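What follows is a short report on a single structure.
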Amino acid sequence: DKVIRAMPKVELHAHLNGSISDKLLEHIKTISDCSDGYEPDVFPSIDSNGVLLDPINHSLDAVNDDKQSDTRRSLKECWNAFAKIHEVIQTPQDLYVATINVIAEFSKDNVIYLELRTGPKKVHNIPSKLSYIESVVKGITDAQNRFPIVVKLLISVDRKNGEQEALETVELSAIVAAKYPDIVVGIDVSGDPNYGNSTWIVNVMGEARRKGFKISCHLPEIVNPDEAIAFLEFGPERLGHGQFLHPLYGGTTELWELTKRKRIPVESCISSNIVSGVAVSVEDHIVKIFQKESLPYFICTDDMGVFRTTLSNEFRKLLTVVELSFQQIRNLCLDAVEHSFASTVEKERLTTIIQKWWLDVD
Ligand code: 5GP
């Protein structure tokens, strides 16, 4: 248990707003209520020595509470939870505070490499999607200077908003990536799987690839083998979830054969899938099959605020159903580095950190 917490970890699938804990959301509300403007040089809730103050300590306690983490919410309730968070995050400062605190929480859990993803929104007090992304980039830049963590940003395309908006988002992402090439590295396709269709989503992914982006695409979190086949055939660098790939859970034999042939690494989010009813239990989670069939996967949080978890908790859950040696756990982390969207130099540095740490354990 201590090893899991202390080991240097890699998080490849974390939605920014979904990673905001209840406590952090309360905190942001409080600052918003008493603030009269954007204060870019302030590190809210972090003292001048970089020591984390409330609410981070509290929220980590809250997210570690197992009773809470098993509370189920339907997929629809999850979308409502995101909407509630979006109602609070209304200014560039809110976004900045959210970004910096979410990164601080990952760092506290010994995550040394983090890929955050978020969909730019134009809301009341955030004047443009560009200003949305720049507030997040500023949070990432300042957090990286403060904590021992490398952070990248994937811009999310929300399938609910249709093809036109998705193409605009990709267009804007290319402009932002040219300005911040070390931070903005990829495109994520996410959002409610009941909206959108594979034809335009594949088209948008093609456009993103032409613009030089790496792509991570959510597989449908509903039974939809045709769409899953279309996504696998396109071949994003990584896929999210994947519960419904296997015939045991509604996938077709053709889909499963394609999954095995393509071997596209899957970002597995155990708590998220259980709380939202995508998987019945840890025992029934697809990750067990991935492990058994030696298919590539990573352990991820998805939305550590909404699903009340941490990356350490996710590894603990995995270990309740899959027996792994220290070496296999280390290799999961090293594989995640290998398939991350970091630069070659960064990958080498992260690999060295992880290998050195495990030498001491062995
Ligand atoms: P944001 O993009 O606002 O930072 O993060 C929250 C958004 O990410 C949600 O509104 C939703 O569009 C997307 N998202 C978060 N978790 C999931 C998930 O488990 N599945 C899918 N398909 N989308 C998600």
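Please read these numbers as outputs of a predicted model, since none were measured by experiment. Start at 1 and go down the list; that is how both ligands and their atoms are numbered.
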Identity and distance of the protein heavy atom lying nearest [atom]:
| atom | value |
| --- | --- |
| atom 19 (O) of ligand 1 | Asp302 OD2, 2.7 Å |
| atom 10 (O) of ligand 1 | His86 CE1, 3.4 Å |
| atom 16 (N) of ligand 1 | Asp303 OD2, 2.8 Å |

Can you tell me if [X] and [Y] form a side-chain donor-acceptor pair at under 3.5 Å?
| X | Y | result |
| --- | --- | --- |
| Glu267 | Ser216 | yes |
| Tyr180 | Glu134 | yes |
| Thr309 | Glu314 | yes |

State yes or no: are the ring centers of His339 and Phe298 separated by less than 6.0 Å?
yes

Taking His285 for the side chain and Val287 for the main chain, is one N or O donor matched with an acceptor at less than 3.5 Å?
yes

Expected output: side-chain Asn101 to main-chain Val97 donor-acceptor under 3.5 Å
yes

Heavy-atom contact check, 4.0 Å cutoff: does Lys121 meet ligand 1?
yes

What do you reckon, does Arg159 put a non-hydrogen atom under 4.0 Å from ligand 1?
no

Angle between ring planes, Phe326 versus Trp358, binned at 30° and 60°: parallel, tilted or perpendicular?
tilted

Parallel, tilted or perpendicular: ring planes of His15 versus Phe82, cut at 30 and 60 degrees:
tilted

Quick one: does [X] get an N or O within less than 3.5 Å of an N or O on ligand 1?
| X | answer |
| --- | --- |
| Phe82 | no |
| Asp192 | no |
| Trp79 | no |
| Thr118 | yes |
| Glu221 | yes |
| Gly191 | yes |

Those atoms of ligand 1 less than 4.0 Å from some heavy atom in Gly119
2 (O)

Closer than 4.0 Å to some heavy atom of Leu16 - which atoms of ligand 1 meet that?
4 (O)

Among Lys121, Lys129, Lys122, whose salt bridge (Lys or Arg N to Asp or Glu O under 4.0 Å) with Glu165 holds?
Lys129

Minimum non-hydrogen distance to atom 14 (N) of ligand 1, winning option of His241, His218, His15:
His15

Salt bridge (Lys or Arg N to Asp or Glu O under 4.0 Å) contacts touching residues 181-200 (sequence neighbours left out)
Arg117-Asp188

Ligand 1-proximal atoms of Asn17, by part, heavy-atom distance under 4.0 Å:
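Near ligand 1, Asn17 shows its backbone as well as its side chain.
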
